[in-house]
Each structure stands twice: as structure tokens, then as C-alpha cells.
2 protein chains.
Amino acid sequence: MNSDADRIKLRVIRAGIDTYQQPVVYMHRDCEVCRSEGFAALTRVSMRIDHRELIATLNVVVSDLLPHDAVALSEAAWNAIQPEPDAMATFHHPEPPRSAGALRAKVFGQRLEESDYLALMQDTVQQRLSDIELAAFVTACAGERLDHGETTALTRAMIAVGDRLDWGEGPVLDKHCVGGLPGNRTTPIIVAIVAALGYRIPKTSSRAITSPAGTADTMEVMAPVELGLAAMRRVVEREGGCVVWGGNVRLSPADDVLIRVERPLDFDSDGQLVASILSKKVAAGSNHVLIDMPVGPTAKVRSAAAADSLTGRLAGTAAALGLRIAVNRTDGRQPVGYGIGPALEAMDVLKVLRGDADAPADLRERAIALTGELLDLVPGNVIGRGQALAEQTLVSGRAFAKFMAICNAQGGFTEPQPARFRADVSSQRGGVVVAIDNRRLAKVAKLAGAPVSPAAGLVSRLRIGDRVNAGEPVFSVHAQSKGELEYALDYARSCAIFDLQDIGS
Amino acid sequence: MNSDADRIKLRVIRAGIDTYQQPVVYMHRDCEVCRSEGFAALTRVSMRIDHRELIATLNVVVSDLLPHDAVALSEAAWNAIQPEPDAMATFHHPEPPRSAGALRAKVFGQRLEESDYLALMQDTVQQRLSDIELAAFVTACAGERLDHGETTALTRAMIAVGDRLDWGEGPVLDKHCVGGLPGNRTTPIIVAIVAALGYRIPKTSSRAITSPAGTADTMEVMAPVELGLAAMRRVVEREGGCVVWGGNVRLSPADDVLIRVERPLDFDSDGQLVASILSKKVAAGSNHVLIDMPVGPTAKVRSAAAADSLTGRLAGTAAALGLRIAVNRTDGRQPVGYGIGPALEAMDVLKVLRGDADAPADLRERAIALTGELLDLVPGNVIGRGQALAEQTLVSGRAFAKFMAICNAQGGFTEPQPARFRADVSSQRGGVVVAIDNRRLAKVAKLAGAPVSPAAGLVSRLRIGDRVNAGEPVFSVHAQSKGELEYALDYARSCAIFDLQDIGS
């Protein structure tokens with residue numbers, strides 16, 4: 001093999017092109033590296049600067065935009081390798097990913113061992129697998145194609161390739177919502193109550209994958225969430241709890257990479273879901289976990305059978321990993337709270353914590369019930385007492401004070417701000433609400449700009465059983481641009497979101 | 001919905017960036033379209049110029065490279081929409097692909113109907129599915145996940161979304177090799193013999209997917225192969241046969257798109273393979289098809305069981321489509337001919353056609369045997385007579401004359417040229433060859449630059465049963481650059497390609 005000293009070097013420059021998370025490098029068609037290595041568009045290349053290596057996808061420049069002796073890096077490539085000024089790079093054909101055989105075997109339906117999953121997750125975090133290969137892996141694990149043992153093996157592999165927190169002896173609490181229910185933003189409230197009671201709850205949350213807001217997006221409206229692992233630890237040591245974005249702390253970083261392809265595919269399967277949830281919990285050092293699982297025809301978990309299957313898989317893997325968990329099925333037929341979208345949900349959270357008279361009752365009740373169940377999970381606590389304790393902590397204002405202290409420890413509290421544009425959508429006819437399509441509501445909020453525009457989304461107070469008259473507003477759309485407002489309104493008016501039943505005369 | 005007149009228009013410019021087949025558009029982060037529509041990196045966007053629409057992936061420019069009022073198009077996007085000078089474009093959120101539900105259902109293991117496959121293939125050829133979605137589809141169909149009925153439905157859908165040739169009454173012949181055997185380049189010889197005998201054989205071939213050369217790559221060394229449908233028809237009407245690249249004639253164009261993701265994944269499954277092969281044949285108007293299926297431990301079809309399963313699927317779908325086919329299993333344990341790589345294989349083909357004393361006997365015999373079987377398939381022909389007829393046509397020089405006439409009709413014949421660099425690889429020890437690793441041989445040829453450099457590849461005359469002494473050359477590597485030569489030699493020397501057995505004393 002040619003030694004690096006013999007190899008042609010290219011000057012490293014910044015392309016100034018954002019290709020999301022996939023590293024791309026640009027070389028001129030007539031550059032000597034392309035010619036001597038036989039590189040072409042979409043070739044995977046290994047770039048080395050000193051002793052750092054990055055695997056990237058090649059795009060070939062055929063115009064005079066780029067000199068022949070330079071390589072331009074996309075933002076993701078630039079940030080991953082962080083070249084010094086005047087850095088020079090060499091290029092190689094990357095070794096085929098060590099996990100290529102395991103990937104192929106899984107695609108053709110074979111069962112994999114823990115060592116296979118470890119190789120796959122190592123290649124995943126080292127960016128050795130392309131988006132196409134990751135999409136094949138995610139698909140090959142979908143449905144019933146991962147058995148329980150494989151789910152546990154995948155979870156362990158995801159833990160192994162990232163960092164792991166250790167809090168010493170004693171209970172460390174956590175909660176997770178399986179998602180799919182717009183506005184169900186109980187996490188900041190639960191963390192505030194639990195931490196106010198003196199327990200540790202090192203909560204990491206995700207940004208939206210396919211929804212209009214993730215908990216990290218909502219929390220970010222009120223406080224910084226992009227803390228590193230050391231900063232996260234300091235917040236929890238000082239205040240007992242935190243709500244930070246999981247993507248910055250390298251707890252199960254493979255999961256963050258897989259989400260890159262799951263997001264555009266708009267699906268995640270049971271096995272991946274369990275591995276995603278539990279790997280984060282174990283890596284965060286948690287040992288008592290409450291899972292909130294909304295069930296409803298348009299929630300993520302749509303039926304009791306689907307909930308049974310997912311619960312079984314969660315319980316099996318949790319037991320294998322030494323986690324105490326409880327799975328709480330909640331009503332997933334309709335949204336929770338008034339707002340859908342990061343800032344609008346943050347406003348609801350603050351109303352509950354502040355004890356505002358206008359606070360959404362459903363969000364408040366749900367947060368209290370879930371906190372109660374989580375407290376009941378801790379050995380030594382009297383089962384059934386948790387809920388009263390939670391409510392008392394909220395009413396006394398101690399939870400709000402703790403929440404402010406956590407926000408300050410994370411970098412400072414900011415009050416959420418309203419969007420620039422808003423417009424009401426009215427009902428075409430009158431009737432009683434018998435069903436609400438969560439997915440369509442979420443789509444309206446996404447078309448309005450959530451979560452990219454944090455202030456965007458919608459506000460609706462209508463619930464199943466409520467009566468509405470023709471011409472009466474059913475929700476208001478909030479957006480930061482007129483184009484997005486129009487888009488959301490067009491869609492909202494074109495489909496049925498609320499299923500109305502005529503009122504008998 | 002905003003009418004197009006109200007929409008912000010961007011000036012269309014050419015980015016000069018080759019992203020292979022995936023259309024990419026570049027917009028500045030601060031461009032009004034990005035801001036008003038909420039576009040971000042990797043958003044799928046619908047671009048309209050007059051009444052033409054293209055779905056593309058967005059990359060966001062964050063430097064001053066691109067003005068705020070312009071959109072730059074990658075080569076694939078530019079060639080797909082072919083903008084006039086000074087063209088202006090508008091941008092929209094694309095409708096979700098109509099086949100999204102079917103894709104999701106297949107990913108989760110459901111059986112699909114023909115209408116689902118039709119929607120999937122329509123979205124595939126219209127570029128409405130991203131590479132990630134295509135990778136999910138290909139994976140969801142891998143292994144045994146497509147049943148026979150679904151294979152037929154997918155084949156019909158692939159035919160329906162492309163053009164279809166009609167040759168009127170009478171037999172139209174065709175052949176296809178399942179592939180995986182380096183150097184097995186019988187097609188140009190078979191086409192020449194069959195056409196010399198007065199039959200029609202409108203052969204379309206593919207470029208290499210995962211191999212060092214496809215038939216189209218090899219033929220292109222001798223004559224133009226990128227003919228359109230009308231030009232292909234003229235060649236066949238004049239000479240009876242042709243060997244053109246399938247990618248330019250829109251016969252089953254969905255297959256060409258799927259190959260884009262199958263290539264980097266390095267797998268294609270039985271169902272996809274059958275749909276790929278037979279959709280091309282039906283679209284080409286063929287009704288009598290011989291399938292050459294090499295079977296061997298390192299060929300594409302590795303075992304008799306795998307061959308049985310693929311043959312059953314081919315026969316079932318062919319019957320449903322009204323095709324007469326014969327499947328011929330051939331020895332897939334070792335390469336055919338001397339050369340591996342487009343030009344080196346073309347040299348072998350010409351030696352056989354010219355009746356050269358040094359012509360590779362195995363390639364010649366195989367071409368005659370396969371042509372014989374194909375002729376025997378035609379009603380009215382005496383079964384068993386085909387082979388003698390084929391040999392006679394070859395020996396008489398009529399096949400060579402016909403081949404030259406076909407090359408001329410396709411645009412003119414060119415003699416293949418040798419590569420700039422070559423080096424021998426010698427055996428470390430002596431012995432008798434008992435096995436040859438086709439995959440490793442193919443990899444050496446690919447590392448040497450094939451098929452991107454047509455002259456690159458390797459030449460080996462060693463066959464199973466041959467004796468070799470320590471230090472004796474076993475093959476020579478041919479390359480157009482020193483870097484590639486070194487790469488191929490490094491790999492060739494690092495692994496065992498020929499399995500040698502000691503010669504007893």
C-alpha cells in the first residue's frame with residue numbers, strides 16, 4: 001500500500017454547503033486524486049488529516065468552481081474533522097465496513113448475534129455506513145424481524161458504543177413517552193416535581209423525529225438544552241434533575257445516527273424503538289423508569305394488541321438489563337394541553353407549573369398521575385402515595401421553583417414568545433366531537449413550520465365530547481411566515497380533523 | 001393554495017456538481033424561498049419550470065457562493081429538467097408520494113397488490129422516492145419477502161411505467177445471464193449468430209452493477225451503445241439484432257432507478273432479480289428467452305437449492321406473462337475467457353468471432369451451446385439441431401460479418417485498446433488449481449479500475465485442474481493509473497484467489 005507520504009495531498013477548504021448530517025466532500029473531476037484512485041460521484045472515500053479519519057460521500061465538481069488541488073467539505077464533514085487552517089488531506093478507498101456481512105445477513109432475514117450488532121453500531125457511529133445502508137438496516141429490523149434476544153443485543157450494542165453515566169448508589173429515576181400524541185409535554189413537569197422531592201432524574205430528550213415538537217425542542221424555548229455530558233452532570237448534581245437534548249451527550253449516539261434515516265422514512269419499528277429508549281436510559285445511569293404509552297387509533301401505538309407486543313418487548317429487554325420499569329397506558333385518542341408546537345407547548349407547561357387558573361387540566365392531571373406512578377416504583381415508597389405527593393409538590397410552588405432553578409443551571413430561563421402570524425380555522429358545520437385525528441393535527445402544525453420555527457404550531461381547546469357550532473373557530477394556526485401559514489391553512493381546510501356527530505333535534 | 005404567479009421565482013443556474021443520478025438543488029440559506037417555505041437541508045422539494053416538474057433533494061448553501069435569488073442544479077437535476085437560458089423556477093412542498101402507504105406496508109411485512117406496485121414504480125421513475133425510501137423498498141422485498149404473485153405484479157408494474165416495443169408477428173429471441181461469473185461475455189457472440197440466421201434479437205444489456213464489467217460496458221468498447229429507442233429499432237430492423245445499453249431506451253426504467261440503490265448495497269434479491277430480467281424482456285418485445293444461470297460457490301447463484309428457487313420464480317412469472325423461457329445452468333466455478341474488464345473481454349469476444357487460433361475455447365463452446373438451446377426453443381425448429389447450426393454459422397464467418405454490420409449500424413466499430421500499465425502476479429507456491437474465487441478475481445479487476453476505466457482489469461488463463469509452479473505468473477493486472485495498479489496488486493497479493501493442492505511426490 002502507498003504510504004501517506006507518497007500520496008497526493010489536497011488543500012482543505014470549506015464548501016459552505018449544508019447536507020444535514022451526512023458528510024460530503026467535493027473534488028474536481030480533473031483532480032489528480034480522483035483520477036489516480038478512480039473516484040466517481042457517490043464513491044465513499046476515507047479522508048485523512050494527520051491521524052484523524054473521516055468517511056464521506058464524494059460529489060464531483062465538473063465546473064471551474066473548485067480548483068484541482070483542493071477538496072471542499074460540507075458543513076457536516078467540516079464539523080466532524082475540524083481541520084486546522086491550511087490543513088492538507090489524503091484520500092483512500094475505505095475498508096469495507098466490518099459489519100457489511102452482518103448487514104447483508106440481516107437483510108436476508110437471518111438472526112444476528114450480539115457481536116454482529118456491536119460491529120453494526122460501531123460502524124454506525126463512525127459514519128462508516130452510508131444513509132442507504134442505514135436505511136437497509138432499519139428496514140431489515142422492522143416489524144417482527146428482530147426477536148426479543150436480538151432487541152436486547154441491539155440495546156447493549158447501542159450502550160457500548162457511547163458514554164455512560166454513573167451516579168453511584170441509590171435510585172435514579174427517569175421517564176419516557178412512546179410519543180405520537182401532540183402536546184403531551186409532561187416531562188418538564190415530572191422532572192421538576194421529582195427533583196423537588198430530592199430524587200435524581202437525569203433526563204435526556206430527543207428533538208422531533210416525525211412530530212411537530214420533541215421535548216428537547218419544547219424545553220429549548222425556555223432554556224438551553226445543548227449541554228455536554230460534563231455540564232449535564234453538573235446540573236443534576238446541583239439541582240437533582242435536568243431536561244437536555246440527548247444528541248449532544250453521546251449517550252447512545254448510534255441512536256441519533258439511525259434517527260437520521262428513520263425521520264425521512266417516517267417509521268420506527270418495535271425493536272428499534274425499545275433499543276432506542278432503553279439504551280438512552282441505561283447510558284444515563286437510570287434504574288427506575290416509567291414508560292408513558294398513549295394508545296389510540298391515531299397515536300403511535302394504535303391498538304391494545306400493539307401495546308401488548310411493545311410492552312412485552314420493553315419488559316423483556318429491561319429485565320435483561322437490570323432496569324425496573326412500569327408501562328403506563330394512557331388515553332391516546334386526542335391531544336393533551338392546548339398548544340402543539342415547541343413554544344405553544346412550553347406555554348402550557350409553564351401554566352401548569354405556575355398554577356395558572358387557565359392551565360390545561362388534562363396536561364396537569366396526566367403529569368401528576370405519571371409522577372405518582374414513577375414515585376411508587378422506588379423501593380421503600382408506599383405504593384399509591386406517589387400521586388398525592390406529586391400534587392402537593394406542584395400546588396406548593398416547589399416544583400415551579402425547582403424548574404426555574406434547573407433552567408438557570410442549564411444556562412438561563414427565557415419566556416416563550418408568540419408567533420408573528422396567526423389565523424383561525426372554523427368548523428364547516430355543527431355537532432359533537434366524537435374523534436380527533438392526531439396525525440392530521442400534527443401535520444397542520446408541521447406545515448405551519450414546527451419544529452424548525454419554534455413559535456409555529458396550533459392551539460386547540462376542543463376535546464372529544466365538546467359541542468361546536470358551524471362557523472365557530474376550532475383551532476388557530478400560528479406561523480412565522482405567511483407562506484407557511486397559508487400552507488397549513490390550505491391543508492387544514494382540505495381534510496377532516498374533527499369527526500363531528502350531528503346533534504339530534 | 002398560492003397560484004404560481006404569486007410565488008417567488010429563482011433564476012436557474014447550473015451548479016456543475018455531479019451527484020450521480022440523484023437530482024439535488026442548491027439554495028442559499030437566506031433565500032426567500034427557503035425562508036417562506038421553511039425548507040432545510042435534505043428537504044424534498046418540487047421544482048417547477050413552466051409546466052415541467054422535478055422532485056429533488058435540497059442542499060443549503062451557507063456561504064456567499066450562491067446569490068440569494070438563484071437556485072443551482074446538480075448535473076442530474078439539470079439533465080432531467082433541461083432548463084432554457086434565463087429559466088425561472090418556483091418551488092413547492094411535494095405531495096407525499098402516493099405510494100408512501102404501500103411502502104410502509106411492505107416494510108412491515110404485508111403483501112401488496114398489483115396496484116400498490118404500480119404506484120411504487122410510478123413514483124420510482126418520477127423520482128418521487130428518495131434513495132433512502134428506495135433502499136427501504138429494496139430491503140423490504142429481499143429474501144423471501146416477495147411471493148410469486150407479488151413478483152409477477154412487480155414485473156408487470158415495471159413494464160407498465162416504461163416504453164414497450166412491438167415487432168409484430170413471429171418469434172423474437174433474447175437471452176440473459178444471471179451474472180456473477182467474470183468474463184462470461186457470450187451475449188455479443190449469441191446475438192451475432194442468431195441475427196446471422198435471420199431471427200430478430202433486440203438485446204438490451206446493463207452496465208456493471210457490482211461486477212467489473214456489464215455487457216453494455218464491454219460492447220461499448222467496440223461500438224456505441226447509448227442508442228435511443230428509435231435508433232435501436234432501426235438497427236434491429238436493418239440487421240436483425242443489436243446490443244445496446246438498456247438505460248437509454250426506457251424499457252423498464254424503474255429497474256434502472258432501483259439499481260442505483262442496489263449497487264451500493266451490493267445485493268439484489270430473487271424477486272427483484274426476476275422482475276428486473278423479465279420486465280426488460282417483455283418491454284423489448286421478446287417472446288423466447290434463454291436464461292444462462294451459472295451456479296458455483298462464488299457465482300451469484302451459489303447452490304443447486306438457490307438455483308431451484310430462482311428457476312421456479314422465473315418460470316412462474318414468465319408463464320404468467322406469456323413468455324417461453326428455458327433456464328440453462330452452467331458451470332459457475334471459474335471465470336470464462338481470459339480477460340476480466342470491458343476491453344479485455346471485448347478482445348476475447350472478437351477472437352471467438354474471428355475464429356482466432358488463440359480464442360478462449362470455454363467462451364466459444366459456451367456461446368455455441370447457449371445459442372443452440374435458444375434456437376431449439378423456437379416452435380418449428382428441430383430440437384437438438386440448434387447447436388450444430390450455431391457452430392456452422394460461427395465457423396463460416398457469417399456471425400463475424402453480422403457482428404461488424406451490427407456495430408456499424410450502432411454507429412461504427414472500434415478495436416479495443418490495451419491499458420497503459422500492467423504487472424504480473426505470481427504464485428507463492430506450486431500445486432494444482434482445485435478452486436478459483438470469482439469474487440476476489442472480480443474485486444482485483446474493480447480495484448484496477450474496471451469498469452470506469454474500460455481498459456482496466458486482469459487476464460488469467462489458469463483453470464481448475466491446471467498445474468502451476470512457485471514463482472510462475474497466475475494473472476496480469478491491467479490499469480490506466482499507477483495508483484489503481486498498486487491497489488489491485490496489494491489486494492491480489494494479500495488474499496488467496498486460487499486454491500492450490502500440493503502435488504503428491
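Chain letters run A, B, ... following the sequence lines, proteins first, then strands; residues in each count from 1.
- Neither the backbone nor the side chain of A:Ser453 comes within less than 4.5 Å of any heavy atom of chain B.
- At a 4.5 Å heavy-atom cutoff, the contact between B:Ser481 and chain A is made by side-chain atoms alone.
- At a 4.5 Å heavy-atom cutoff, the contact between A:Arg145 and chain B is made by side-chain atoms alone.
- Remark: of the listed residues B:Val71, B:Asn59, B:Leu65, B:Val60, B:Asn59 is the sole one forming a side chain to side chain contact (heavy atoms under 4.5 Å, CB included) with B:Tyr26.
- In this structure, the portions of A:Ala136 lying under 4.5 Å from any heavy atom of chain B include both its backbone and its side chain.
- Using a distance-only test at 3.5 Å, with no hydrogens or angles considered, no donor-acceptor pair links the side chain of B:Glu486 to the main chain of B:Gly483.
- With hydrogens and angles disregarded, no donor-acceptor distance shorter than 3.5 Å links the side chain of A:His93 to the backbone of A:Ser46.
- Using a 4.5 Å heavy-atom cutoff, the side chains of B:Pro451 and B:Arg207 are not in contact.
- Proximity to chain B is absent for every atom of A:Ala479, based on heavy atoms less than 4.5 angstrom apart.
- Residue contact with chain A, scored on non-hydrogen atoms closer than 4.5 Å, is absent for B:Phe137.
- Looking only at heavy-atom pairs under 4.5 Å with chain A, the residue among B:Leu42, B:Leu66, B:Ile132 that has the most is B:Ile132.
- Your options are B:Leu489, B:Asp18, B:Leu58, and the one with the most heavy-atom pairs under 4.5 Å with chain A is B:Asp18.
- In this structure, no portion of A:Gln480 lies under 4.5 Å from any heavy atom of chain B.
- A:Asp147 pairs with exactly one of A:Arg111, A:Arg313, A:Lys106 by the salt bridge (charged side-chain N to carboxylate O under 4.0 Å, His left out) rule, that one being A:Arg111.
- Here B:Val107 is the residue among B:Val61, B:Val261, B:Val107 with the most heavy-atom pairs under 4.5 Å with chain A.
- With hydrogens and angles ignored, the 3.5 Å screen pairs no side-chain donor or acceptor of B:Ser99 with any backbone N or O of B:Ala102.
- With a threshold of 4.5 angstrom between heavy atoms, A:Lys443 approaches chain B through side-chain atoms but not through N, CA, C or O.
- Interface remark: B:Thr19 contributes backbone and side-chain atoms alike to the contact with chain A (heavy atom separation under 4.5 Å).
- Note on A:Asp64, A:Leu103, A:Leu265: by heavy-atom pairs under 4.5 Å with chain B, the leading option is A:Leu265.
- Side chain of B:Asp217 to backbone of B:Gly214: a donor-acceptor contact under 3.5 angstrom is found.
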